[in-house]
Amino acid sequence: MKSLIAILEERISEAMRKAIGLADCPAMVMVSKNPAFGDYQANGVMAAAKQAKTNPRKLAEQVVETLEIEDLCEKPEVAGPGFINLRLKPAFLGNRLLGMFADDRRLGIDPAPRPQTVVVDYSGPNIAKEMHVGHLRSTIIGDTIARLLEFEGHTVIRQNHIGDWGTQFGKVILALWHICMAENLHKNEKSYYDIDLIKDFPDNQNLTAYFDQIIKRHQEDWLADSKDIKGDGELYFHPFLKEFSQRSETLWPALLKAYQYVNLLDESFKGMNRTIETRVKDGNNQFIYNTIPYESLTRHITVMLQHGGKDNKQERKAWEEVKKLTLDECNKIYKKLSIQLTDEHVRGESFYADKLAGVVEALKARGLAVESEGAMCVFPEGFVNKEGTPLPFIIQKSDGAYLYATTDLAALRYRIQDLKADRIIYVTDARQSLHFKMLFAVARAAGWADERIVLEHVTFGTMLGEDGRPFKTREGGTVKLKDLLEEAVEKARTVVEEKNAELGAEQKERIAAAVGIGAVKYADYSNNRDSDYIFSFAKMLAMDGNTAPYMQYACARIRSIERKAAGKGVDIERDLAGIEQLALGDPAEVDLAKKLIQYDQAIEAAAEQHRPNHLTSYLYDLAQAFSRFYNACPVLQAEADRRPTRLLLCDLTARVIGHGLGDLLGIESPPQM
RNA sequence: GUCCCCGUAGCGCAAUGGAUAGCGCGUUGGCCUCCGGAGCCAAAGGUUAGAGGUUCGAGUCCUCUCGGGGACGCCA
């Protein structure tokens, strides 16, 4: 069905054209906020009258005169300075409902007339790190944006821009190597890579001595892991990597620990002047052995990884295994959260690694990239720093390395040229807004994104704890997403136990998962994403108010009516099968019906501005309208001539809420709770 | 210093430039022999941080001030 707003817009706009003679007369139709003003209102007359220099009220009356709309509405009324108020005819309202009812898949909502190809970039976890609360908002907001646009009929390409290539990779590989050595050569040293041991060291002198031991051990292990030539890793590291994937479950926590250990060593060794021997290829392709500062070892390994080739196979293999391991962990969380991201959507930094030189070259060739203080920079127009001098967008560091700016440019180019994006949406927190502004400016200047391509940075605020400060553990650490979700489910479990103890264990578990996870997501979605928001289990799990459990309950209650029908001698299928017109009589029925046909508007508002709170607030209004109806109008006990209408209202309400929660927000609504 | 976001009822939050600024919690009062009371109805509670401006119309747009958060050359 064509959107009702669009129909009204067309009719009134046409009448305005006739009345006023202007070519472009937007009627500006919207749902009335106040029922006293009818169901829909047109606000366009005032602006048009201004333009045509006539009296707005008179013009409105003229428009109403010529307006042909009797098939939809009662006689329109002119109110205030020139509003046109419209009240739907019950017969038309009934037909709209029947149209929704008949369409299982789309509830009578037409897809967008001009579908676009939209890339949505969201989530973006980092390799060898656990997802934490900082990833939550990007992941779930991005996911619903993708779902909304897809439902509207656009071709959505999800992109998970994971951090899998930066300088941290040397650290990750080294971490793996430490795990390997701990297993093979230091089985009896319990705390080989225990960071707490370092953190808690009482005095500096002993700490230095301890670090010297670490280096000594490191050097000896490296030499020990040699078969054909020094440092080839053939004895231990290669076999370790070979069997790595079979052991992923146990290796994940070890990797996280070892990674932190390497990080801490890197930090700690700065300025200590310690060195370690390592190998590199010389000009004749022969290995030579050099000592390098210990703290630059991880960078050295990163370089080997990035060189690739035969000699650096162990680095490559280690990287692949860690990447796989991390993605497996992310996928578990995505699954738990009903996030529609899988490995096929992964296009991480490594994917663009071989395109970075080309990006810099192209920008140089266009004269956009210039050298400044040793680094290669673009100075997009309109950006100045604190001194008022042009602000650089650095695309290559003075040591030749590329940065995320370079990667983002390569990604943007790929998305437009290869993925054929008409529109790219980046979902990251607000702190990166300057970066994206500059990124877009450079892409425009380079001609990679012409003015038809829409580039959007969708931002969101910070998640705060109940104390109003950034969300942290009691000890001040970052909260792991896994733990947060587990706690939510745990809390939901006790609620389910309290309310419905007689359900089966397995069913209770499913409900707890749906309610707990749903609560976390819904709480985020129902807030305006620009504001910081206070994360509170108590609030999000509350049974009243605009929360997931309330919405899920509303759904369950309707399905409960359907379950009870047979017992009361009501055959729902038969009642609904022959329905040709509705008997909307009670005000509560009419209000609910009017709310139901506004579903398309809620989706449009949420999709257009990427604001899921428009959808949640609609769903909540709908649930409230249903509650009023439910209170006022018996369904199963209703007289035979009114019952089919009421059953249909029940069914449609359940379907709309189920669709909004399930298909668009990715929140399950269990049939019973 | 420049730029970005936020400031709305006691608290937590809404509000595509539209009419009388909404919702929840909390507070006060009312409703039920009834399909799941995890409900419904109502009341009280506001100078939308402040001052100007644009507009037929401003919580929303512009300028300034105050308060909170964030970003600003080789991290992502």
Side-chain angles (χ1 to χ4, degrees), chain A residues 28 30-34 36-37 41 43 46-47 49-50 56 79-83 85 124 126 163 166-168 349 372-377 383-388 391-399 401 403-405 407-408 428-435 437-438 459-462 464 468 470 495 499-500 526-528 530-534 536 538-539 542-547 549-550 552-554 556-565 567-568 570 588 601 604-605 608-609 611 613-614 616-617 620-621 624 627-638 646 650 672-673:
Chain A
M28 301 210 280
M30 58 186 280
V31 176
S32 296
K33 275 189 194 155
N34 188 337
F37 302 137
Q41 64 185 63
N43 304 330
M46 275 102 61
K50 180 77 185 170
F83 295 101
N85 291 338
N126 291 310
T167 46
Q168 79 274 26
E349 291 163 352
S372 165
E373 294 174 34
M376 198 50 72
C377 304
F383 295 89
V384 290
N385 72 1
K386 45 192 153 190
E387 281 86 37
L391 197 57
F393 192 64
I394 304 178
I395 55 174
Q396 191 172 19
K397 301 203 290 187
S398 44
D399 66 1
L403 300 96
Y404 75 130
T407 308
D408 276 342
T428 80
D429 69 291
R431 285 177 310 202
Q432 297 188 42
S433 62
L434 180 61
H435 166 71
K437 271 185 192 152
M438 295 181 79
T459 62
F460 48 83
T462 312
L464 305 175
V495 177
K499 302 291 182 185
N500 227 337
S526 57
N527 274 282
N528 182 326
D530 289 321
S531 347
D532 295 344
Y533 92 98
I534 294 180
S536 156
K539 289 231 161 80
M543 294 302 164
D544 4 74
N546 189 7
T547 66
Y550 175 90
Q552 289 165 323
Y553 170 70
R557 198 166 46 162
I558 300 171
R559 285 169 186 156
S560 155
I561 297 174
E562 290 164 356
R563 272 195 303 276
K564 293 252 161 74
K568 306 234 172 189
V570 175
Q601 280 306 299
E604 198 187 304
E608 200 180 325
Q609 307 168 57
R611 294 194 184 277
N613 64 311
H614 287 296
T616 56
S617 107
Y620 183 60
D621 285 351
Q624 285 188 312
S627 269
R628 284 188 283 272
F629 157 79
Y630 177 82
N631 230 40
C633 307
V635 176
L636 297 177
Q637 288 97 322
R646 292 185 180 173
C650 288
Q672 265 177 286
M673 52 185 292

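Here is the naming used below: chain letters follow the sequence lines, and residue numbers restart at 1 for every chain.
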Could you pull out the protein-nucleic contacts involving nucleotides 22-24 of chain B (nitrogen or oxygen on both sides, under 3.5 Å)?
| from | atom 1 | to | atom 2 | distance (Å) |
| --- | --- | --- | --- | --- |
| B:rG24 | OP1 | A:Q624 | NE2 | 3.4 |

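- Looking at heavy-atom distances under 4.0 Å, A:K437 makes contact with sugar-phosphate atoms alone, never a base.
- The shortest distance between the side-chain N/O atoms of A:R628 and the OP1/OP2 oxygens of B:rG39 is not below 4.0 Å.
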Under-3.5 Å N/O pairs linking protein and nucleotides 16-18 of chain B:
| from | atom 1 | to | atom 2 | distance (Å) |
| --- | --- | --- | --- | --- |
| B:rG18 | O2' | A:Q41 | NE2 | 3.2 |

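- For A:S536 and B:rC25, the shortest distance from a side-chain N or O to OP1 or OP2 is not below 4.0 Å.
- Atom P of B:rG59 sits at a distance of 10 Å from the matching atom of B:rG18, rounded to the whole Å.
- At the heavy-atom level, A:C633 lies under 4.0 Å from base atoms of the strands shown.
- With P as the reference atom, B:rC40 and B:rG10 are 25 Å apart, rounded to whole Å.
- Note that the OG1 atom of A:T547 and the NZ atom of A:K539 stand 12.5 Å from one another [nearest 0.5 Å].
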Which dot-bracket notation, 5' to 3', represents the base pairing of RNA chain B when pairs are defined as Watson-Crick or G-U with both distances under 3.5 Å, crossing pairs as [ ], and inter-strand pairs as |? (((((((..((((....[...)))).(((((.......))))).....(((((..]....))))))))))))....
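- Comparing the same atom, C1', in B:rU8 and in B:rG24 gives a spacing of 15 Å after rounding to whole Å.
- Distance CG/A:L403 to CD/A:Q396: 8.5 Å, rounded to 0.5 Å.
- Going from atom CD1 of A:I534 over to atom P of B:rA14 covers 11 Å, rounded to whole Å.
- In this view, A:N500 satisfies the side-chain hydrogen bond (donor to acceptor under 3.5 Å, both in side chains) rule with no residue, not counting sequence neighbours.
- In this structure, the CG atom of A:N528 is 14 Å from the C1' atom of B:rG12, given to the nearest Å.
- Taking atom C1' in both B:rA44 and B:rC6, one finds a spacing of 29 Å when rounded to whole Å.
- Qualifying side-chain hydrogen bond (donor to acceptor under 3.5 Å, both in side chains) partners for A:N527, counting only residues two or more places apart in sequence or in other chains: none.
- A donor-acceptor contact shorter than 3.5 Å is absent between the side chain of A:R611 and the backbone of A:N528.
- Here, B:rC11 and B:rA51 have their C1' atoms 29 Å apart, quoted to the whole Å.
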Under 4.0 Å protein heavy-atom contact, by nucleotide of nucleotides 68-76 of chain B - B base, S sugar-phosphate only: --SSSBBSB
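- Partners of A:R557 according to the salt bridge (charged side-chain N to carboxylate O under 4.0 Å, His left out) rule, which considers only residues two or more places apart in sequence or in another chain, do not exist here.
- Using a 4.0 Å heavy-atom criterion, one finds that A:M376 contacts no nucleic acid atom at all.
- Under the side-chain hydrogen bond (donor to acceptor under 3.5 Å, both in side chains) criterion, A:R563 pairs with no residue at all, not counting sequence neighbours.
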Apply side-chain contact (heavy atoms from CB on, under 4.5 Å) to residues A:M438 and A:F383 and explain how you reach the verdict. CA-CA 8 Å; A:M438 295 181 79; A:F383 295 89; 3.6 Å; yes
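- Between A:N527 and A:R557, the residue whose closest nucleotide on RNA chain B is further toward the 5' end is A:N527.
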For A:T459 and A:D530, what are the C-alpha separation, side-chain angles and deciding distance, and is it a side-chain contact (heavy atoms from CB on, under 4.5 Å)? CA-CA 7 Å; A:T459 62; A:D530 289 321; 3.7 Å; yes
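- If you check the side chains of A:S32 and A:Q41, you find a donor sitting under 3.5 Å from an acceptor.
- Legend: residues meeting salt bridge (charged side-chain N to carboxylate O under 4.0 Å, His left out) with A:D621, ordered by chain and number and at least two apart, are A:K595.
- Looking only at side-chain heavy atoms (C-beta outward), A:I558 and A:Y630 stay at 4.5 Å or farther from each other.
- Whole-Å rounding puts the A:Q672 CD to B:rA38 P distance at 16 Å.
- Judged as a ring-ring contact (aromatic ring centres under 6.0 Å, His included), and not counting sequence neighbours, the contacts of A:Y620 are A:Y550.
- Base contact: A:N85 has a heavy atom under 4.0 Å from a base atom.
- Taking the side chain of A:S627 as heavy atoms from C-beta on, and the options B:rG37, B:rC40, B:rC13, the nearest nucleotide is B:rC40.
- Among the heavy atoms of the strands, none lies under 4.0 Å from A:D429.
- Looking at heavy-atom distances under 4.0 Å, A:A79 makes contact with a base.
- Evaluation of the ring-ring contact (aromatic ring centres under 6.0 Å, His included) rule for A:F393 yields A:H435 as partners, not counting sequence neighbours.
- In this structure, of B:rG12, B:rG37, B:rC40, it is B:rC40 that holds the atom nearest to the side chain of A:Y550.
- The backbone N or O of A:N613 sits less than 3.5 Å from a side-chain atom of A:T616, completing a donor-acceptor pair.
- Side-chain nitrogen and oxygen atoms of A:N631 include none within less than 4.0 Å of the OP1 or OP2 phosphate oxygen of B:rC41.
- Under the ring-ring contact (aromatic ring centres under 6.0 Å, His included) criterion, A:F629 pairs with A:F626, not counting sequence neighbours.
- Nucleotides B:rA43 and B:rG26, compared at atom C1', are 14 Å apart to the nearest Å.
- Taking a centre distance below 5.5 Å and an interplanar angle below 30 degrees as the stacking criterion, A:F37 stacks against the six-membered base ring of B:rA19.
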